Structure formats: structure tokens, C-alpha cells
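Working notes, beginning with the structure itself.
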There are 2 protein chains.
Amino acid sequence: MSRERPALTPLTPRATDIVSAARALVEDEGREALTMRVLAGRLGIRAPSLYKHFPDKAALEAALIERSLAELGEVLHAALAEPEPVAAVLRRYRESAVASPNMYRLATAGPLARERLAPGLEDWSGEPFFLATGDPYRAQALWSFAHGMVILEIDGRFPGGSDLDRTWAEGARAFS
Amino acid sequence: MSRERPALTPLTPRATDIVSAARALVEDEGREALTMRVLAGRLGIRAPSLYKHFPDKAALEAALIERSLAELGEVLHAALAEPEPVAAVLRRYRESAVASPNMYRLATAGPLARERLAPGLEDWSGEPFFLATGDPYRAQALWSFAHGMVILEIDGRFPGGSDLDRTWAEGARAFS
DNA sequence: AGCATAGGCTAACGCCGTTAGCCTCGCAAG
DNA sequence: CTTGCGAGGCTAACGGCGTTAGCCTATGCT
């Protein structure tokens, strides 16, 4: 039974603008390009003004991560309705990550300031792995495989010319 | 057949000291604690003096990463001699990563400046996955699973109270 | 009319990686 | 013995980072 998506931390209209601009910046130029001065510049204001809307940069990033997890969760929950849910979840996971690699990295790489995120959101976004496999251990193992594949692909860790479709297929087979 | 380990980029004696101190610093306090000023302080010198030994911080990090990959490779190659090589490689991989989480993250997370590393070293350190499975696609999938497990564990991404031993066992079973 | 609040601003602080330029020591060659 | 030179330190400084303090102005409510 798929619970409803937890509510995101509410934002004022101006804060929503800022998050949108931040997201565009990260997607365009990577997470390390997200600086308070550059972001402010894209909005036609100065860096200190951003602090009228977010207490610090980490809070802004948390808002970005929430939106990223929420969208990924939506996609994965929808995938459960497809035939062969395990394969569908894997395929959608990869598609989403590769479509927005910089946001994927921001949301999933490095230590997570979990207390900054809407409660339950992280669990909800990973829930489709459990719903597809029906077992918590298989679900975690499958998620680890998917995350490993995606982050290694995004980070360019696989040797050039690797046939990643085949590697994904091999993983899907192992977990079926 | 396991090739010999590629030679690491050679270092002067003083540079070796610096790399050792940098490694201790990263292991003690995490990768973001590695700053040129703090590192120099641990060595009793000033930050600009470090540039007599390394052209920039990335070169120093590359030396750290080389050493990390070399040690991981040694451990994994040794694991091939154990009974049940696939399980042994997974077990040693996890042990090594968890024993030095900050170095593991430094070496494996984020985009890799491959051109700064000793040629062949990265492939050599991952070779045991191929030697254990006998198939390049299974090897990549298994490596992805192992990396995903380890990095999610290190980054504290699994829900509290997860029985990771069981998840590892589930993954090992899937790939056997 | 008066006033609070939202949302801008500049100046500045301490950190970061990095560069320029200087000095001093030890060693090797003439 | 002296001279020169490279190795390996140093200080001062630059531009960029996140962040804070303090100020100003316009909007809209009482």
C-alpha cells in the first residue's frame, strides 16, 4: 500500500523563486557552482539578501533535495503500475538520475542532514523498492545496486566503452 | 591471472611525509577537514610551503587516492585466494571501506580526475571483481552493488536499525 | 498619519586555495 | 676556501567563499 507523499517543508513565494533558480543553476553547472553570490546574481540581487529567505545555504540545499526526492519518489511509485515492477523501477530510477545528474548527486551523495528534510520523505521515496520486491533486505540490496550503478555512471567511473545496459540487465536478472 | 600492481606516481621523501600527514588528517576528521593551512600546521610549516612539494591540492589528493586504491586492490586480490571468492571479495571490500570511511569516500565519491592517477591503477584495483565472477558485466554489477552498499552505509543513508549483514547476504546470494 | 515588516543594500570578517617574492641553509664545483 | 645554487622554508596578498551587522525604502495595516 503506497502511502501518500509527505508534505514538503512550506516555502514563501519568493523562496520558491530562489529554489527554482538554484535548481537551474545546479542542473546547468553542477553542485559546486551553487554559491550564494552566483545564485543571487541570477536573481538580480546580492548574496546577503538570500538570508532574508533561508537561514543558511544548507537550508536552501535541503529544499532542493526535498524537491529532488519528491520527484524521484513520484516517478518510482508510478513505475509500480508498469508490468515487471522490479525492472520498471530500475529503469525509471536510472532515467531520472541520468536526466538530472547534478541534482541526483546533490540529493544522494555525501552525508545527509536528515533533520533538515520533511519527515518521512526519504523513506517514501525509497518505498517503491520495497513494494516491488516485497522484502526489506532485497529492497535495500536492490537500491544499493541501483544507486551504485547510477552514481558510478554519473561520476564517470566506469571504463570507457562499458556497455552499461548489459550491466543493468545483469543486475536486474540477479535480483529477479 | 592477476597482473602486478601498477607503480604509483613516485614521491620525494618529504612529499611522502606530507601525504602521510594528509591521510591521518582525512581519516581523523574527514575530507573537508583537509585544508592546506591545517595540513601545514600539523607538519609545523605554513601552507604556501606545501606548494614546494605539490603543484596544487588536487595533486596531493591524487596521491592519497592512489594509495587508497592500491591498498584496497591488495586486499581484494588477496581475497581471491580465500574459499568462495565472490563472498570473500565482498567481505573484504566492506571491511576495508568501513575501517577507513573518510579515505574511502575521498577515493571513490565524486568525479575522478583520472589523468592524475597512475595509469592502470584504477582498473587493477577493480580487477578482483572480474577475477571472482569471470564475467565483465556481472563484475561491474557486483562492484556497483558493493559500492552502493558501502557508500550508503558510510553516508548514514540506511534507516537506523537496518540489519546490513542481512542485506549484504541478500546481495551476495543474488550474485551467486 | 503613523508604523511595522518585507526585502533589498553595503561593509566587513574569517576561512579557503593559491601566487609572488624573499631568505637561509647545505652542498658541490672551481 | 669561496662561490653559487637549489631545496625548502617564510610573509604578504589576492580573489572567492559563507555569513553577519546594520542600514534603508516601500508596502500595507491600524
Side-chain angles (χ1 to χ4, degrees), chain A residues 9-66 102 105-107 109-113 115-117, chain B residues 9-66 102 105-107 109-113 115-117:
Chain A
T9 308
L11 295 180
T12 64
R14 186 58 169 145
T16 305
D17 292 347
I18 294 172
V19 168
S20 300
R23 178 179 178 148
L25 178 55
V26 169
E27 284 182 344
D28 289 354
E29 318 196 25
R31 69 187 296 181
E32 70 288 347
L34 176 62
T35 74
M36 300 304 265
R37 280 171 241 257
V38 169
L39 174 59
R42 283 206 174 197
L43 289 156
I45 61 177
R46 305 297 183 138
S49 302
L50 295 171
Y51 291 82
K52 300 289 182 177
H53 305 282
F54 293 93
D56 52 28
K57 191 188 180 187
L60 204 166
E61 285 175 341
L64 281 174
I65 292 170
E66 278 192 357
N102 289 323
R105 210 183 349 241
L106 178 66
L112 182 62
E115 71 284 358
R116 302 229 191 206
L117 260 41
Chain B
T9 308
L11 296 179
T12 64
R14 187 58 170 146
T16 305
D17 292 347
I18 294 172
V19 168
S20 300
R23 179 181 177 146
L25 178 55
V26 169
E27 285 183 342
D28 289 354
E29 319 197 24
R31 71 188 294 181
E32 69 287 347
L34 176 61
T35 73
M36 300 304 263
R37 279 172 240 258
V38 169
L39 174 59
R42 284 205 173 198
L43 290 156
I45 61 176
R46 305 296 182 136
S49 302
L50 294 171
Y51 292 81
K52 299 291 182 176
H53 306 282
F54 293 92
D56 52 27
K57 191 187 180 188
L60 205 166
E61 285 175 341
L64 281 174
I65 292 170
E66 278 193 356
N102 289 323
R105 209 182 350 239
L106 179 65
L112 183 61
E115 71 285 357
R116 301 228 190 207
L117 261 39

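From a predicted model like this one, the values you see are computed outputs, not experimental measurements. Reminder, nothing fancy here: chain letters follow the sequence lines and each chain counts from 1.
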Across the strands shown, which category fits R14(A) at heavy-atom distances under 4.0 angstrom: base, sugar-phosphate, nothing? sugar-phosphate
Looking for any heavy atom pair under 4.0 Å, which part of the strands does K52(B) touch: base, sugar-phosphate only, or nothing?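 The answer is base, as K52(B) lies within the cut-off (heavy atoms under 4.0 Å) of a base atom.
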Atom [atom1] of [X] to atom [atom2] of [N]: distance rounded to whole Å?
X	N	atom1	atom2	answer
Y51(B)	dC16(C)	OH	P	11 Å
L43(A)	dG8(C)	CG	P	9 Å
L39(B)	dT18(C)	CG	P	12 Å
I18(A)	dA6(C)	CD1	P	14 Å
F54(B)	dT18(C)	CZ	P	13 Å

Distance below 4.0 Å between S49(A) side-chain N/O and dG7(C) OP1 or OP2: no
Phosphate contact (dA6(C) OP1 or OP2) by H53(A) side-chain N/O below 4.0 Å: no
Note: for P48(B) and L50(A) on DNA chain C, the residue whose nearest nucleotide lies more 5' is L50(A)
So how far is it from [X] [atom1] to [Y] [atom2], rounded to the nearest 0.5 Å?
X	Y	atom1	atom2	value
D28(B)	R42(B)	CG	CZ	5.0 Å
E29(B)	T35(B)	CD	OG1	10.0 Å
R23(A)	N102(A)	CZ	CG	11.5 Å
L34(B)	E27(B)	CG	CD	12.0 Å
I18(A)	L25(A)	CD1	CG	13.0 Å
S20(B)	L64(B)	OG	CG	9.0 Å

So which one's nearest nucleotide on DNA chain D is more toward 5', P55(A) or V38(A)?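 Between the two, 5'-proximity favours V38(A).
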Per the salt bridge (Lys or Arg N to Asp or Glu O under 4.0 Å) rule, what does the pair list look like for residues 44-63 of chain A, sequence neighbours excluded?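 Of all non-adjacent pairs touching residues 44-63 of chain A, those that pass salt bridge (Lys or Arg N to Asp or Glu O under 4.0 Å) are D56(A)-R116(A).
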Compare every heavy atom of I45(B) with every heavy atom of L50(B), then report the nearest pair and how far apart it is. CD2-CD1, 4.0 Å
If you take all heavy atoms of L11(A) and A63(A), which pair is closest and at what distance?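 Closest heavy-atom pair between L11(A) and A63(A): CD1-CB, 4.5 Å.
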Min and max contacting nt of DNA chain D in 5' to 3' order, chain B heavy atoms within under 4.0 angstrom, are dG8(D) to dA12(D)
Strand contacts (DNA chain D) in residues 25-34 of chain B, 4.0 angstrom heavy-atom criterion: none
